[in-house]
Amino acid sequence: MTLLISAGILLAFALVAFCVIKWWNVTVVGVTPVPLLTFIAILFTSGLDVGLIMFPLAWDFPLYADTAAEPAYAFTNPLAMEFGFWGFLIWGFYFLTTFYFCVIEPKVKFFEIGIVKLINNIVIIGTCAFTGALFLIYLPYYATFVGDGESVITPFYVVVFFVILFAAFSSTDIKYVRILSLGSTALFAALILGMWAFAGIGIGEFFGTASNIGGYFANIHKFVLPLTDYHEFYLFWWFAWSIMIGQFTSRFVGGLKTWQVLAALLIFPSIPLGIWFSVLYYYHLNSIELTLMINISMAVVGVIFVVNSFDSLIRLYTDNLGLTVQKLGKLPHILGNAIVLFALTLAFQSQWLQIQWIGAVVIGLYVACLAYIIFFKGKEVMAIDASPEENELDFTKIDSVH
């Protein structure tokens, strides 16, 4: 699997470089463009999941700090390691797929091929369920006011089911995307500020802690290929998300040049990630205990992130499969998606399914798509010099789409 993920990463970054060089100044417009702030909010909240909230303190920082157990992490500090697993360079995957679905796929139509569409939607549904499983597994750590902080008990299953049910409801109208994305971004910012204030972090202390992120940029080349099995897991996870996030967010790109899309995806999400991880790292370094209110706040924001992820992915695969609200009816649409995704969430939680398998399938789709373009659509793709003509830069379109 290490060889597979390494080959997939190198291929992806080579394609990023090719797209930026070839179409540097092309104006990228999606089918329902939105202003930059809204686009970044949609990308950030759809492209990340509950692991962002729940992994660092519960698992990651202690793991990266224990260099005796894992010497591969010794070249830099835990904050730089966490940022490298979540930020900056890795968002190049999302640039590649966003650009592809916005500019290239309308000419190629690879993902409209029957077997490809089926595989892609299985990937989307599976990854969606994996998000729910992560939430279920890590919820006890933050919801200690319900359980013992370790065991997944009945109330947590109920919470996860209702979260999925709510996401299935919100997926019935695209207007909820903007509300959820901007709302969850605001709540995430409030959580950061609240935890900052509770810890009494001074400006100097914050920047002193945040400066550890420099360890990532000084060693950025070391984060390209898998460092450990855990890093490999993260990379497969990013691959699993990449196609569907690109397919979803591509519709919202609002007239940026190709190089600006790349810059926006690398820089804008990395800023809140860097701030968030720096605040959490201060908690870790100073052994600050989480209060009941902080635990509840983190759980609530985690819930909102899960709803965002499920909302966008449910909308994507139901559109792809033609299982729309108009066709099925609102209630069957909501209940059907909730039941299927909850069942798959339980399968991931029991480790009957693994995200690495899905990531491997996505790498296969990358290779198959590239081969299809080379053998059948090379001339059409190389002749592309603009976004599809039907994609107009009209920010009011989203108000009329359901």
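In this text, all values refer to a predicted model and were calculated from it rather than measured experimentally.
In this structure, Tyr230 and Phe85 have tilted ring planes: the angle between them lies in the 30° to 60° band. Between Phe342 and Phe161, the ring planes lie perpendicular to each other; the angle is over 60°, past the 30° to 60° tilted range. Relative ring orientation between Phe101 and Phe111 is described as tilted, the plane-to-plane angle lying within the 30° to 60° band. Ring geometry for Phe55 against Trp86 counts as perpendicular: the plane angle is over 60°, on a 0 to 90° scale with 30° as the lower cut. Taking the six-membered ring where the residue is Trp, Phe239 and Phe93 present tilted rings, their angle falling between 30° and 60°.
For the residue pair Gly92 and Val16, the shortest heavy atom distance occurs at O-CG2, 3.5 Å. The two residues Thr2 and Pro226 make their nearest non-hydrogen contact at CG2-CG, 3.9 Å. The two atoms that bring Pro140 and Val152 nearest to each other are CG-CG2, 3.9 Å, heavy atoms only. Closest heavy-atom contact between Ile334 and Ala168: O-CB, 3.6 Å. Residues Pro62 and Pro56 approach most closely at CD-O, 3.9 Å, considering heavy atoms. In terms of heavy-atom proximity, Ala299 sits nearest to Leu139 at CB-CD1, 4.3 Å.
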Would you sort out whether Leu89 and Leu266 count as a side chain to side chain contact (heavy atoms under 4.5 Å, CB included), showing the intermediate values? CA-CA 6 Å; Leu89 193 63; Leu266 295 184; 5.5 Å; no
Check the pair Ile363 / Ile9 against side chain to side chain contact (heavy atoms under 4.5 Å, CB included), numbers first and verdict last. CA-CA 9 Å; Ile363 293 173; Ile9 291 165; over 6 Å; no
For the pair Cys19 and Leu96, evaluate side chain to side chain contact (heavy atoms under 4.5 Å, CB included) and give the outcome as yes or no after the intermediate values. CA-CA 8 Å; Cys19 289; Leu96 179 63; 4.0 Å; yes
Just do the side chain to side chain contact (heavy atoms under 4.5 Å, CB included) check on Tyr281 and Glu82 with the steps written out, would you? CA-CA 10 Å; Tyr281 192 49; Glu82 186 76 345; over 6 Å; no
Take Phe95 and Trp91, measure what ring pair (Phe, Tyr, Trp, His ring centres under 6.0 Å) needs, and give me the verdict at the end. CA-CA 7 Å; Phe95 160 78; Trp91 286 74; over 10 Å; no
With side chain to side chain donor-acceptor pair (under 3.5 Å) as the test, would you mind laying out the steps for Thr209 and Ser278 before giving the verdict? CA-CA 6 Å; Thr209 304; Ser278 296; over 6 Å; no
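Residues Phe169 and Lys330 form a side-chain contact, since some pair of their non-hydrogen atoms from C-beta on lies under 4.5 Å apart. Side chains of Ile384 and Ile104 form a contact here, defined as non-hydrogen atoms less than 4.5 Å apart. Residues Pro155 and Val158 have side chains not in contact (no heavy-atom distance under 4.5 Å, counting atoms from C-beta outward). At least one side-chain heavy atom of Leu273 sits under 4.5 Å from a side-chain heavy atom of Leu52. Using a 4.5 Å cut-off on side-chain heavy atoms (C-beta onward), Met1 and Phe236 make contact. When side chains are defined from C-beta on, Ile137 does not count as touching Met54, because their heavy atoms never get closer than 4.5 Å. Taking 4.5 Å as the limit, some side-chain heavy atom of Leu335 sits within range of a side-chain heavy atom of Leu165. Side-chain contact check for Val362 versus Ser242: some heavy-atom pair is nearer than 4.5 Å.
Put simply, CZ on Phe135 and CD1 on Ile164 are 9.5 Å apart, with the number rounded to the nearest 0.5 Å. Note that the CZ atom of Phe277 and the CG atom of Leu57 stand 10.5 Å from one another [nearest 0.5 Å]. Phe223 contributes atom CZ, which lies 11.0 Å from atom CG of Leu235 (distance to the nearest 0.5 angstrom). The structure places CE of Met244 at 11.0 Å from CD1 of Ile125, a figure rounded to the nearest 0.5 Å. One distance of note links CG of Leu370 with CZ of Phe110; it measures 10.0 Å at 0.5 Å rounding. Taken to the nearest 0.5 Å, the CE atom of Met298 stands 6.0 Å off from the CG atom of Leu191.
Heavy-atom neighbours of Lys257 NZ from other residues, nucleotides or ligands within 6.0 Å: above the threshold of 12. Within 6.0 Å of the CZ atom in Phe217, the count of heavy atoms belonging to other residues, nucleotides or ligands exceeds 12. The number of heavy atoms from other shown groups lying within 6.0 Å of CZ (Phe75) is above 12.
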Show me the side-chain donor-acceptor pairs of residues 183-190 shorter than 3.5 Å, one per line, residues at least two apart or across chains.
residue : atom : partner : partner atom : Å
Ser184  : OG   : Leu180  : O            : 2.7
Ser184  : OG   : Ser181  : O            : 3.2
Ser184  : OG   : Asn308  : ND2          : 2.9
Thr185  : OG1  : Ser181  : O            : 2.7

Tell me which donor-acceptor pairs under 3.5 Å the side chains of residues 284-295 have, and how far apart each pair is, sequence neighbours excluded?
residue : atom : partner : partner atom : Å
Asn286  : ND2  : Tyr282  : O            : 2.8
Thr291  : OG1  : Ile294  : N            : 3.2
Asn295  : ND2  : Thr291  : O            : 3.4

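Side-chain atoms of Thr32 come within 3.5 Å of backbone atoms of Arg251 as a donor-acceptor pair (strictly under, hydrogens ignored). The main-chain N or O of Trp241 is never found under 3.5 Å from a side-chain atom of Thr127 such that the two would form a donor-acceptor pair. A donor-acceptor pair is defined here as one N or O able to donate and one able to accept, closer than 3.5 Å; such a pair exists between the side chain of Thr258 and the backbone of Trp23. In this structure, the side chain of Lys117 does not engage the main chain of Gly114 through any donor-acceptor pair within 3.5 Å. At distances below 3.5 Å, not a single donor-acceptor pair connects side-chain atoms of Glu232 with backbone N or O atoms of Leu227. Side chain of Ser171 to backbone of Phe310: no donor-acceptor contact under 3.5 angstrom is found. At distances below 3.5 Å, not a single donor-acceptor pair connects side-chain atoms of Thr97 with backbone N or O atoms of Ile243. Side-chain atoms of Asn337 come within 3.5 Å of backbone atoms of His333 as a donor-acceptor pair (strictly under, hydrogens ignored). A donor-acceptor pair under 3.5 Å is formed between the side chain of Lys22 and the backbone N or O of Met382. Of the possible polar contacts, none joining the Asn212 side chain to the Leu79 backbone as a donor-acceptor pair under 3.5 Å is found.
Using modelled atom types, one finds a donor on one side chain and an acceptor on the other under 3.5 Å when comparing Ser170 with Asp311. Side chain to side chain, Glu70 and Thr228 fail the donor-acceptor criterion of an N or O pair below 3.5 Å. No donor-acceptor contact under 3.5 angstrom links the side chains of Ser250 and Tyr100, judged on distance only. Between the side chains of Tyr317 and Asn120, no donor-acceptor pair of N or O atoms lies under 3.5 Å. Side-chain contact of Tyr216 with Asn77: a donor-acceptor pair under 3.5 Å is absent, judged by distance alone.
When each of Phe39, Phe268, Phe248, Trp238 is paired with Tyr94, the ring-ring contact (aromatic ring centres under 6.0 Å, His included) condition holds for Trp238 and for no other. Here the options are Val301, Val163, Leu134, the test is side-chain contact (heavy atoms from CB on, under 4.5 Å), and the partner is Val306; only Val163 passes.
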